[in-house]
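Written below as C-alpha cells is the structure these notes are about.
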Amino acid sequence: MRPQLELLDLGDHVAVHGPMIRTRTGDGAVRADGYRHVGKAIMPPPDKWHGLTDVEKRYRERYVDLFSNPDVARVFHARSKIVRALRAFLDGLGFLEVETPLLHPLRGGATAKPFETHHNELDMKLYLRIAPELYLKRLLVGGFDRVYEIGRAFRNEGVSTRHNPEFTILEFYLAYANHEDLMDLTEAMFRSVDAALRAEMYARSPGWWDDRAFALDVPFARVDMRDAIVERTQRSGSAPGLFPTPFDGALTRALLADPQGLEQAITRLLDLPPARKDEDAARLGGPERLQYWRDARKLLAKCHHHGERVFVLYEVLVEPDLPRLYRTADGLRSLPVFVTHHPFEMSPLARKDDVDPTVTQRYELFIEGREVANAFSELNDPDDQEQRFLGQLDRRTRGDDEAMDFDADYIRALRHGMPPAGGFGLGVDRLVMLLCGQPSIRDVLLFPAMRPEAVSGHGE
RNA sequence: GAUUGCGUAGCUCAGUCGGUAGAGCAGCGGCCUUUUAAGCCGUAGGUCCUGGGUUCAAGUCCCAGCGCAAUCACCA
C-alpha cells in the first residue's frame, strides 16, 4: 500500500474501504484497510487558496471552475432548485408540461434573428426556435387549458452580460386569464420560487438575499407605459441619477395619443444643433447625456409608426431609470415594475386593449432594471392576427430581418377557436442571475458561448 | 459592430527608464511528523497570446491579428 500512496497526486480519485472512525480531534475518517486508485489526475489543480480566477479559463474549463470554486458550483445547484421550484409552482396549479419543436419551418413567436439550419432528407430550411409561443397556443386550441414549457430558445444576436445565443425560456399559457391575472400570478410565482430557494440556500449564501438591491416581498409596481413616460419627464432631479431630459414639461398623455403632434414634438425637442452644444450639455447633465439624446434622436427618427415612437420614447426615457423611479416606501430597494399596455405595433401576438385599441393588454416585468418577463392577453381573433402578420411582412420588406413570418397554419388554428388566455414568458437565466446576485448571464450558464479556442492535442 | 482595458510558469501574480525571466502556491527530491490555504531545505519549471516593425538590445515601445472582459449598439 505504501508504494501506491507515493503515486497519489492532488485531484486523484481513490476508493478506500475500512471502518468509519472518529479521530482524536473529532473528525470523521476511515481506518483504511484497502485502497485503490480509481481515477488519475494528470493536470495539476489551480492554486488552492486563490482557486481559478481567470474569467476566460473559468468559462472555457468550467470543470476546473466547478471543483475549485465552491461559490460557482453553488450557483448551479441554485439554478436547479429554481427550475424545480418553477415547475412545482405551475404543476401545483394544474399546468401540463409539454415539449414542442425546436426546429421551426417559420420564424415566429418573437421578433429576433434566428439561426438557420437544413434538413437533408426533407431538403428544407429550418430555423432553431426563437420562442415556443405559437406551438403552445396551438395547444390551447387543442384544449390544453394550462400548458407550459421550459426549454432552450436561440437568437442569432449579440453576446453580452445579459445575452447568450441560446438561453432558457419558460412560457406558460393560462386559458380564461388576462394580463392582469398574469401579474398577480407572476408575483406569486416569483415569491414562491424565491422562498423555495431561500429555504435551501440561505445558510450557505446569505448574500443572495442580504445584499439585494430589489424587493420581492412587497407589491410590484404596475404602470402604464404612457403614464411612465409622462411621469419620468416630471421627475427629473427628484432622485440621484434622474437627469433632466429634453422632454421635461413637454409630454402629456394627450400628446402621446396624437401621432402628428408627437412626431413634431420629438423633432423639435431633439433638435440639438452643435452650436448650442455646451449649453445643451449643461442643461441635460453633461456631455455623455447630450450624446445619449443624440443617439435617442436617431432611434426615434427610424420609427415608422406612432406606436414604435411611443415605445422608443419609453425605452430611452424610462427604462434605464426604472430602478431609480420605482422604489420601496423606505427608498432602500427598487421595486419590480410591470410596464403595461405596449403599442400594438410592437406586439404582433397580443390582444388589443378593449377600451384603447392602439395598445395591447401586455406587460413586461423589470427587476432592478433588467427585463425578466413578458406577458400578455393572447390575441385569439384570426382576422386581427392575419393583419398583424401582414404588418410583420411589411416590416420585412422594409429590411427588418427580425420580423415574423406569416404563419398560415397558426391562423387556421385560431379559426378553430382559441380560448381567451394569458401567455407568459420568462428568461430563466435572468431570473437565476437576479436571485443569485450574478452580474453576468455567463455566470449562470455552465458552458456560455465562447469563440473557439486553439486547443493543443488531437482531433483536428 | 464600436470604444477602452487585459493576455508573463500548472495556479495567483510581480517585472522600475528598453539592458541576463521573477516570487508564492502546486510539482519533484530529501528532512520533519499533524492540520483549519501555506512545517523546513533543495530542485525543476517559460512560444512573456501570435506575427511583423523600431532598436546594439523588446515581456516592456509601435503596427496588425487572435482571445477575454467591461461599456455602448442590437436584442430577451
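This structure is a prediction, so every number in the text was calculated from the model and none was measured. Lettering of chains follows the sequences in order, A, B, ..., and the numbering in each one begins at 1.
For the side chain to side chain contact (heavy atoms under 4.5 Å, CB included) with Phe389(A), the lone residue among Leu349(A), Asp405(A), Asp394(A) that qualifies is Leu349(A). Test His306(A), Met346(A), Glu345(A) against Phe311(A) for side chain to side chain contact (heavy atoms under 4.5 Å, CB included) and you get one pass: Met346(A).
Contact annotation: Thr111(A) does not reach the phosphate of C74(B) (side-chain N/O to OP1 or OP2, under 4.0 Å). For A76(B), neither phosphate oxygen OP1 nor OP2 lies less than 4.0 angstrom from any side-chain nitrogen or oxygen of Arg129(A). The shortest distance between the side-chain N/O atoms of Arg451(A) and the OP1/OP2 oxygens of G67(B) is below 4.0 Å. For the pair Arg442(A) and A69(B), the criterion of a side-chain N or O lying under 4.0 Å from OP1 or OP2 is met. The phosphate of C13(B) has OP1 or OP2 within less than 4.0 Å of a side-chain N or O from Thr53(A). Between Lys57(A) and C68(B) there is no side-chain polar atom (N or O) within less than 4.0 angstrom of OP1 or OP2. At least one side-chain nitrogen or oxygen of Thr161(A) sits closer than 4.0 Å to the OP1 or OP2 atom of U71(B). The shortest distance between the side-chain N/O atoms of Arg370(A) and the OP1/OP2 oxygens of A76(B) is not below 4.0 Å.
Every residue meeting the side-chain hydrogen bond (donor to acceptor under 3.5 Å, both in side chains) condition with Arg138(A), not counting sequence neighbours, appears here in chain and number order: Asp407(A), Asp409(A).
When the P atom is compared between U35(B) and C40(B), the two are found 14 Å apart, to the nearest whole Å. Comparing the same atom, P, in G24(B) and in A14(B) gives a spacing of 16 Å after rounding to whole Å. If you take atom P in U60(B) and the same atom in G7(B), they sit 11 Å apart, rounded to whole Å. A gap of 26 Å separates the C1' atoms of G1(B) and C62(B), to the nearest Å. Nucleotides C49(B) and G5(B) are separated by 16 Å at their C1' atoms, to the nearest Å. On the P atoms, A73(B) is 32 Å away from U12(B), given to the nearest whole Å. Annotation: A58(B) and G51(B) have their C1' atoms spaced 15 Å apart (nearest Å).
Within the nucleic acid shown, Leu299(A) comes within 4.0 Å of sugar-phosphate atoms alone, with no base atom in reach, counting heavy atoms only. Phe167(A) comes within 4.0 angstrom of a nucleotide base, judged by non-hydrogen atoms across all strands. As judged by a 4.0 angstrom heavy-atom cut-off over every strand, Glu402(A) is placed among residues touching the sugar-phosphate backbone only. Heavy atoms of Asn164(A) sit under 4.0 angstrom from at least one base atom.
For residues 310-320 of chain A, no residue pair satisfies the salt bridge (charged side-chain N to carboxylate O under 4.0 Å, His left out) rule, not counting sequence neighbours.
Evaluation of atom-type donor-acceptor distances gives a pair under 3.5 Å for the side chain of Asp47(A) against the base of G24(B).
In this structure, the separation between CZ on Arg388(A) and OG1 on Thr360(A) is 7.5 Å, given to the nearest 0.5 Å.
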